[in-house]
Structure formats: structure tokens, C-alpha cells
Amino acid sequence: GGEGSGFVRLRGLPYTAKEEEIIDFFKGIKIRSRGVRFVSGRDGRPNGEAYVELAHEDDLDAALEKNKASLGSRYVEVFRSNRMEMQTACAAGGGGGG
């Protein structure tokens with residue numbers, strides 16, 4: 001283990017959640033720089049989901065232990081994910097780029 005990075009998907013985030021809040025939510029877990037990607041719905045607004053790229057795959061278990069922890073007034077669900085899932089979800093929202 002220890003190779004590459006781990007990915008988790010968050011669900012149930014407050015729509016106002018900022019990257020700093022996500023980093024704070026995963027206190028003690030190193031997140032890759034610009035590793036927080038918010039998912040937008042069809043209208044381009046946040047849909048309460050985000051993908052987080054961890055700096056170390058070893059931290060995946062610690063990140064998953066945050067499942068059902070609260071961020072603000074919301075309980076956030078944390079799921080195991082991967083790069084492909086993140087890219088697909090983030091590409092589906094707004095076009096842009098390229």
C-alpha cells in the first residue's frame with residue numbers, strides 16, 4: 001500500500017460548503033492541493049456532493065471513518081471512490097476546460 005492517492009466521495013454537504021471546511025472536516029488527514037472537487041447539478045449549482053483526493057491512500061480508512069460526521073448542521077456521508085468516478089462526475093456538470 002501507500003502508492004498513489006485515495007479518493008472519497010462526500011454526500012449531504014451544505015450547499016455553502018467551502019474547500020477550507022472540507023479540509024477542516026478531514027482534520028489530521030492530508031488532502032492533495034486542489035484535491036477538493038465540488039459536484040454541480042444540471043443547473044450548475046452545487047448538489048451537496050464533493051470528491052476529495054487524499055495525499056496518501058493509507059489515509060482512506062481514516063477518511064471513511066468520518067462517515068456520518070457533522071459539517072455545520074448536516075451529517076455528511078463518506079464513500080470510497082476513485083479517480084475515474086471523480087472525473088466522470090465532475091465532467092458531467094459544467095462543460096468548460098479543454
Side-chain angles (χ1 to χ4, degrees):
E3 286 310 305
S5 43
F7 292 85
V8 291
R9 176 167 69 95
L10 307 184
R11 195 170 78 187
L13 292 167
Y15 296 136
T16 55
K18 305 270 188 294
E19 186 174 358
E20 303 85 68
E21 292 174 86
I22 305 296
I23 290 166
D24 200 51
F25 178 77
F26 286 115
K27 214 175 215 27
I29 299 170
K30 194 164 165 49
I31 291 169
R32 197 158 282 232
S33 66
R34 297 193 301 281
V36 180
R37 305 276 293 275
F38 292 95
V39 183
S40 305
R42 293 188 183 283
D43 56 1
R45 294 207 178 103
N47 66 0
E49 291 192 16
Y51 286 85
V52 178
E53 183 177 356
L54 309 174
H56 307 290
E57 205 174 3
D58 295 351
D59 287 334
L60 200 54
D61 289 340
L64 291 170
E65 277 173 23
K66 297 280 188 180
N67 186 35
K68 296 294 204 307
S70 58
L71 177 64
S73 57
R74 307 290 298 270
Y75 284 102
V76 179
E77 294 177 273
V78 184
F79 305 94
R80 184 184 293 264
S81 186
N82 56 57
R83 185 183 296 278
M84 226 171 99
E85 190 179 292
M86 178 184 82
Q87 287 172 338
T88 304
C90 293

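Given the structure is predicted, the values throughout are model-derived calculations rather than measurements.
Heavy atoms of other residues, nucleotides or ligands lying less than 6.0 angstrom from CZ of Arg80 number 12 at most.
The salt bridge (Lys or Arg N to Asp or Glu O under 4.0 Å) check on Arg11 picks up Glu77, with sequence neighbours excluded. Considering only residues two or more places apart in sequence or on other chains, Glu85 meets the salt bridge (Lys or Arg N to Asp or Glu O under 4.0 Å) condition with Arg9.
Nearest heavy-atom pair, Val76 versus Gly12, reported as atom, atom and distance to 0.1 Å: CG2-O, 4.3 Å. Contact between Pro46 and Tyr15 at its shortest, heavy atoms only, is O-CD2, 3.5 Å.
Atom CG of Asn82 and atom OG of Ser5 lie 10.5 Å apart (nearest 0.5 Å).
Within the structure, side-chain hydrogen bond (donor to acceptor under 3.5 Å, both in side chains) contacts touching residues 19-30 (residues at least two apart or in different chains) are Asp24-Lys27.
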Contacts table for residues 60-74: side-chain donor-acceptor under 3.5 angstrom, sequence neighbours left out:
from, atom 1, to, atom 2, distance (Å)
Lys66, NZ, Phe25, O, 3.3
Asn67, OD1, Val78, N, 2.9

Inset, instruction - Please assess Arg83 against Glu53 for the test side-chain contact (heavy atoms from CB on, under 4.5 Å), listing each intermediate value before the final yes or no. - result: CA-CA 8 Å; Arg83 185 183 296 278; Glu53 183 177 356; 3.4 Å; yes

Inset, instruction - Assess whether side-chain contact (heavy atoms from CB on, under 4.5 Å) is satisfied between Leu10 and Phe26, documenting all intermediate values. - result: CA-CA 11 Å; Leu10 307 184; Phe26 286 115; 3.6 Å; yes

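Here the side chains of Ile22 and Leu13 are in contact, with some heavy-atom distance below 4.5 Å.
Annotation for Met86: hydrophobic cluster partners, listed by chain and number, are Phe7, Val39, Tyr51 (ILVMFWY side-chain heavy atoms under 4.5 Å, direct or chained). In this structure, Tyr75 stands alone, with no Ile, Leu, Val, Met, Phe, Trp or Tyr side-chain heavy atom under 4.5 Å from its own, directly or through other members.
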